[in-house]
Amino acid sequence: MSKRVRVRFAPSPTGPLHIGGVRTALFNYFFARQHGGDFILRIEDTDSQRFVPGAEEYINESLTWCGIKIDEGVSEGGPHAPYRQSERKAIYKQYADQLIASGNAYYAFDTAEELDALRKDAEVKGETFIYGFKIRNSMKTSLVLQADEVKRRMESGEQWVIRFKMPENEEVVMHDLIRGEVVVNTSTLDDKVLFKSSDMLPTYHMANVTDDFLMEISHVIRGEEWLPSLPLHVLLYRALGWTESMPKFAHLPLLLKPTGNGKLSKRDGDKMGFPVFPLEWKTAEGETSRGYREDGYFPESFVNLLALLGWNSGTEQEIFSMEELINLFSLERVNKSGARFDPEKAKWFNHQYLVKKGNAEIAEIFEKTLAQKGISTNQTNTEHIVGLVKERVNFVHEIWDQASFFFLAPDSYDEATIKKFWKEDTPAIIGEVVNLLKAIEPFTALSIDETLKPFINEKGYGMGRVMNTIRLALVGESKGPGVSEICEVIGKDETIQRLKLAAEKIR
């Protein structure tokens with residue numbers, strides 16, 4: 001590549017960051033790091049009416065949680081500061097004026113009511129309203145008004161916008177790094193608004209192209225929803241004389257609903273019970289949306305699952321570290337078609353990471369749950385318990401359901417298990433087991449097995465029946481790791497006490 005790779009992630013602070021946006025940030029980050037380039041976070045907040053307090057902080061916290069390191073941004077600074085578009089206000093007008101001077105843009109004084117009336121009229125006729133070459137010369141614009149009239153209107157405080165003058169009937173040929181050649185005829189495009197007098201701020205298109213040029217962006221990697229804007233952006237580069245500096249474009253496939261039909265939305269997550277945001281989000285009205293972090297996902301798992309939505313390594317490998325993703329990522333292996341989101345696969349990814357993690361790390365997280373329940377235990381014991389049950393869960397918070405009996409004796413017993421295994425002579429057998437257990441030293445899973453199993457076989461009681469009744473007494477139901485392992489963890493005295501209690505209570 002001839003010039004240094006510089007990519008940007010440019011979200012708008014209009015609410016919580018969707019996981020599709022996080023994936024866009026990740027793909028930009030992988031690409032930048034692979035090529036030794038720069039990852040820039042630019043906040044595009046020119047739409048003042050849709051600005052949501054706290055959204056910018058949410059974006060930063062989400063990227064940090066994912067392990068994305070920002071090279072230049074609002075907090076980090078950099079040679080192209082400021083990186084918040086509302087603070088670059090003075091920059092854009094000169095380029096909009098340049099487009100006016102070169103005849104590539106014009107002033108328009110149409111009111112919102114007049115435009116609404118034209119849209120409704122077109123709708124009645126079964127047509128789509130396009131503000132373009134067919135009507136612009138019949139509108140209140142600087143293309144038809146005298147220069148002194150334009151000046152008078154502006155000085156009198158009349159609201160105006162600057163619109164791009166879309167060329168008439170021209171084939172715009174563009175190259176997308178994922179989709180290949182894209183050709184659009186300008187006759188199908190409207191004269192987009194670039195600048196507004198109402199707030200003296202540019203629209204997305206004007207600010208986006210200007211900032212990408214001034215920040216020396218080499219590659220624009222963004223979502224498929226921006227593909228319709230590509231012809232305008234390419235033409236803006238041309239009109240401003242920046243063609244030689246124009247970045248290469250790549251438009252990522254959409255994230256689709258689990259059904260594969262349509263773009264993944266918050267509504268889909270609410271309906272099917274999974275988050276669509278990286279972190280929990282609370283609205284000013286008090287509505288809470290779930291986040292992957294708060295639901296118990298590890299950031300590495302979250303990054304891994306998003307990386308494989310729309311990209312593949314060309315191998316059978318599914319578990320990747322951040323370093324591996326950076327080394328393997330390529331835009332050539334990004335799919336053109338949408339990627340279906342599978343919430344069950346997301347859980348599978350988290351399970352893989354949970355199992356791979358050391359027991360000490362998992363125990364440290366799990367001890368917060370124990371503290372909330374008023375249970376104190378030593379680190380070694382918790383690590384042992386975690387090691388016994390982590391294969392059975394997808395999330396750390398699920399460990400309690402699989403391990404509560406290690407900390408609390410059962411206060412009830414599963415009726416189905418009683419019916420299946422508890423017989424008239426069971427209390428007597430338990431009495432024999434208790435006597436055997438009293439003599440075992442050291443009280444380890446191995447020595448318990450070496451004592452119990454020969455005894456059960458010699459007596460002909462049936463291994464399954466006896467071990468399941470012991471499990472019932474210790475756990476309260478038919479679940480958990482090996483019986484001998486449970487005995488070792490809770491200790492000899494607790495094991496014997498639970499066995500005696502079950503023999504008394506179960507009839």
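The analysis underlying the following values was restricted to heavy atoms, covering all of them including side chains, and did not include hydrogens, waters or symmetry mates. The first residue in the sequence is number 1, and the count goes up from there.
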Can any side-chain N or O of [X] pair as donor or acceptor with the backbone N or O of [Y] at less than 3.5 Å?
{"X": "R290", "Y": "G273", "value": "yes"}
{"X": "S404", "Y": "D401", "value": "no"}
{"X": "N28", "Y": "I221", "value": "yes"}
{"X": "D191", "Y": "F133", "value": "no"}
{"X": "S218", "Y": "R6", "value": "yes"}
{"X": "R88", "Y": "P82", "value": "yes"}
{"X": "R4", "Y": "E216", "value": "no"}
{"X": "S12", "Y": "T14", "value": "no"}
{"X": "E76", "Y": "I70", "value": "no"}
{"X": "H175", "Y": "V182", "value": "no"}

[X] and [Y] ion-paired at < 4.0 Å:
{"X": "K140", "Y": "E114", "answer": "yes"}
{"X": "K196", "Y": "D47", "answer": "no"}
{"X": "E123", "Y": "K120", "answer": "no"}
{"X": "K356", "Y": "E300", "answer": "no"}
{"X": "R179", "Y": "E224", "answer": "yes"}
{"X": "E61", "Y": "R293", "answer": "yes"}
{"X": "D116", "Y": "R119", "answer": "yes"}
{"X": "D212", "Y": "R42", "answer": "yes"}

With a sphere of 6.0 Å drawn around [atom1] of [X], does it hold more than 12 non-hydrogen atoms of other residues, nucleotides or ligands?
{"X": "K165", "atom1": "NZ", "result": "no"}
{"X": "E127", "atom1": "CD", "result": "yes"}
{"X": "Q94", "atom1": "CD", "result": "yes"}

D71, N327, D38 screened by side chain to side chain donor-acceptor pair (under 3.5 Å) with R33, the one that passes: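 For R33, the side chain to side chain donor-acceptor pair (under 3.5 Å) check succeeds only for D71.
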query: Does E318 have any salt bridge (charged side-chain N to carboxylate O under 4.0 Å, His left out) partners at least two apart in sequence or in another chain, and if so, which?
result: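 So E318 forms a salt bridge (charged side-chain N to carboxylate O under 4.0 Å, His left out) with K345.
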- prompt: Roughly how far, to the nearest 0.5 Å, is CZ of R340 from NZ of K257?
  reply: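 Spacing of NZ (K257) from CZ (R340) equals 13.5 Å.
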[X] and [Y]: side chain donor to acceptor below 3.5 Å:
{"X": "N304", "Y": "S301", "value": "no"}
{"X": "E72", "Y": "Y83", "value": "yes"}
{"X": "S337", "Y": "N335", "value": "no"}
{"X": "E383", "Y": "Q379", "value": "yes"}

Which atom names give the shortest non-hydrogen contact between [X] and [Y], and what distance separates them?
{"X": "S229", "Y": "H205", "value": "OG-CE1, 3.4 Å"}
{"X": "D295", "Y": "P275", "value": "OD2-CG, 3.4 Å"}
{"X": "Q85", "Y": "D45", "value": "N-OD1, 3.3 Å"}
{"X": "I178", "Y": "A250", "value": "CD1-CB, 4.0 Å"}
{"X": "E44", "Y": "A10", "value": "OE2-CB, 3.3 Å"}
{"X": "I319", "Y": "E324", "value": "O-OE1, 3.9 Å"}

For [X] and [Y], I'd like to know if the aromatic rings sit close, meaning centre-to-centre distance below 6.0 Å.
{"X": "F39", "Y": "Y29", "answer": "yes"}
{"X": "F213", "Y": "Y95", "answer": "no"}
{"X": "H35", "Y": "F31", "answer": "yes"}
{"X": "F302", "Y": "W65", "answer": "yes"}
{"X": "F274", "Y": "Y292", "answer": "no"}

task: For the residue pair N359 and H384, establish whether any side-chain heavy-atom pair is separated by less than 4.5 Å.
output: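 N359 vs H384: side chains apart.
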query: Do the non-hydrogen side-chain atoms of K89 and D199 ever get within less than 4.5 Å of each other?
result: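 No, side chains not in contact.
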- prompt: Partners of Q34 by side-chain hydrogen bond (donor to acceptor under 3.5 Å, both in side chains), sequence neighbours excluded?
  reply: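 Result, side-chain hydrogen bond (donor to acceptor under 3.5 Å, both in side chains) vs Q34: none returned.
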message: E287: which residues meet the side-chain hydrogen bond (donor to acceptor under 3.5 Å, both in side chains) condition with it, sequence neighbours left out?
response: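 Listed in chain order: K266.
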- request: Assess R23 against F27: is NZ or CZ under 6.0 Å from the centre of the six-membered ring, and within 45 degrees of the ring's axis?
  value: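 Yes, R23 lies over the aromatic ring of F27.
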message: What verdict does the side-chain contact (heavy atoms from CB on, under 4.5 Å) test give for W226 and N208, after you've listed the backbone C-alpha separation in whole Å, the side-chain angles of each residue and the deciding distance to 0.1 Å?
response: CA-CA 12 Å; W226 295 112; N208 181 278; over 6 Å; no
query: Picking from V209, T210, L201, what satisfies side-chain contact (heavy atoms from CB on, under 4.5 Å) with Y92?
result: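 One option only clears the test, and that one is T210.
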task: Check the pair K125, D121 against salt bridge (charged side-chain N to carboxylate O under 4.0 Å, His left out), reporting the backbone distance first and the verdict last.
output: CA-CA 7 Å; K125 296 175 183 175; D121 185 52; 3.2 Å; yes
